[in-house]
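The structure appears below as structure tokens.
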Amino acid sequence: MVTIDNKYLEKNIIKDINRHQEKINKIHEMIHNKSGLGNDYMGWLKLPYDIEKDIDKIEKAAQKMKNHEVFVVIGIGGSYLGAKAGIDFLSKSFEKKNPEILFAGHNMSSMYVSKLLEYLKDKDFAVNVISKSGTTTEPALAFRLILNLMQKKYSKNQIKDRVIVTTDKSRGALYEVALKWDFERFEIPDDVGGRYSVLSAVGLLPLSVSGFNIRKILSGAKRAYKDLSNPELSNNSCYQYALYRYLLYKMGKKIEILASYETNMRYFNEWWKQLFGESEGKMNKGLFISSVIFSTDLHSLGQYIQEGERNLFETVIQLKNQNEEIIINEDKDNFDKLNYLKGKSLSYINNMALEGTIKAHVEGNVPNIKLILDNVSEESFGYIVYFFQKACAMSAYLLKVNPFDQPGVEKYKKEMFSLLGKKGY
Ligand code: PA5
């Protein structure tokens, strides 16, 4: 479901890869034996199988939530990006969702939150609050404000029926709140970190409320598990991708840009940035991660990518099969001079933009890795999520950093808490 095309990489990188097979084998063993850095967070590896026991419960809870007009998902970082990425990837553009899915707790903008509260005032809404630690400031604040609104609108029993908590199985402030109110709870496994949690209740519950078949998502992820279990580079597109980006980094290409030509992948890009940025950027190492949606961003960042500093490479996701097709019509006046495109599909034209851009960027010394995704479906979403999670673990281990911690994120929190006068800071 995800294949790699390396023909746009320099020959010396491609011919070099077999030299690294032994290192890849060792890291593969480390991943599968759970013996590397951060090994108590390896639950993602078999998560598509381990989560099966919870699927009935997730689907049942989702079914109940579908009765409301709006479903608000509260969370930040790994506690919201996977669900948002999946919902946007799978939804049809301009389709009105029922229930409408809104997100909160991923910022502290009073403009955003006040407008959200105002919007919810007259709506029948339910909430899924997601936080593994249960103490993250942004979602905790949003939940406090939304619960306050609920208390004005609904009885205690109505609130109980409208809130689902996804958090640690036995600790944290959110866990305590859930017990106090007797909210329905979903557990985030101890060994699954935030950015690796999309295939747990964290991502699957909102995706199921959104009407997507989460069993198919898991079957795509399981297919990826099987396809990517052979460490041989010639058979493993995920490890090839991890190795290419590592070798490019070593050559001085310090910035990786993920490029997609589909607008429904904007939040997939955000999920990917969090996965790689938070996993690798530590100990003064790691690629700086960025993303673009082409051809939109060819009219902004495209200039820099073509002619700016030569420290970048691109990973381009090409969609092989479109779900919808549109054919360019002939116009008898041809004022816009576009009749040369008559009869061509828009996706063909988009694809020519992709091929042409890769050619131009490679000529401009921006190496390209092309990943080809079969289609837009639940299975392909599960597959590509798993693909990048495993690639990220391999990449971080190549750099000799712990893929599963994020010590740097704590620094801003300390400074912010001290400015806000929180006890102990
Ligand atoms: O990947 C991570 O671990 C983080 O991005 C977390 O998901 C994010 O900080 C939210 O944490 P929590 O779920 O504890 O509120």
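First listed ligand is number 1; within each ligand, the first listed atom is number 1.
Asp124 and Tyr154 make their closest contact through CA-OH, 3.5 Å (heavy atoms, listed as atom of the first residue, atom of the second, distance).
Looking only at heavy atoms of the protein, atom 6 (C) of ligand 1 is closest to Gly78 N, 3.9 Å. Atom 3 (O) of ligand 1 has Gly194 N, 3.5 Å as its closest protein atom, hydrogens excluded (heavy atom only). Scanning the protein heavy atoms around atom 11 (O) of ligand 1, the nearest turns out to be Thr136 OG1, 3.6 Å. Scanning the protein for heavy atoms near atom 10 (C) of ligand 1, the closest one is Ile76 O, 3.3 Å. Among protein heavy atoms, atom 4 (C) of ligand 1 sits closest to Glu278 OE1, 3.5 Å. At the shortest separation from atom 1 (O) of ligand 1 among protein heavy atoms lies Arg195 N, 2.9 Å.
Interface atoms of ligand 1 facing Gln274, defined by a heavy-atom separation under 4.0 Å, are 1 (O), 2 (C), 4 (C), 5 (O). Listed by atom number, the atoms of ligand 1 under 4.0 Å from Gln406 heavy atoms are 3 (O).
More than 12 heavy atoms of other residues, nucleotides or ligands shown are found within 6.0 angstrom of NZ on Lys53.
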Listing, residues 137-145 side-chain donor-acceptor contacts under 3.5 Å, not counting sequence neighbours, or none:
from   : atom 1 : to     : atom 2 : distance (Å)
Glu138 : OE2    : Tyr412 : OH     : 2.8

Output side-chain donor-acceptor pairs under 3.5 Å for residues 78-89, partner residues at least two apart or in another chain, one line each.
from  : atom 1 : to    : atom 2 : distance (Å)
Lys84 : NZ     : Asp88 : OD1    : 3.4
Lys84 : NZ     : Asp88 : OD2    : 3.3

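Geometric assessment of Lys390 against the ring of Tyr386 yields a negative cation-pi assignment under the 6.0 Å and 45° thresholds.
A centroid separation of less than 6.0 Å is found between the aromatic rings of Tyr225 and Tyr49.
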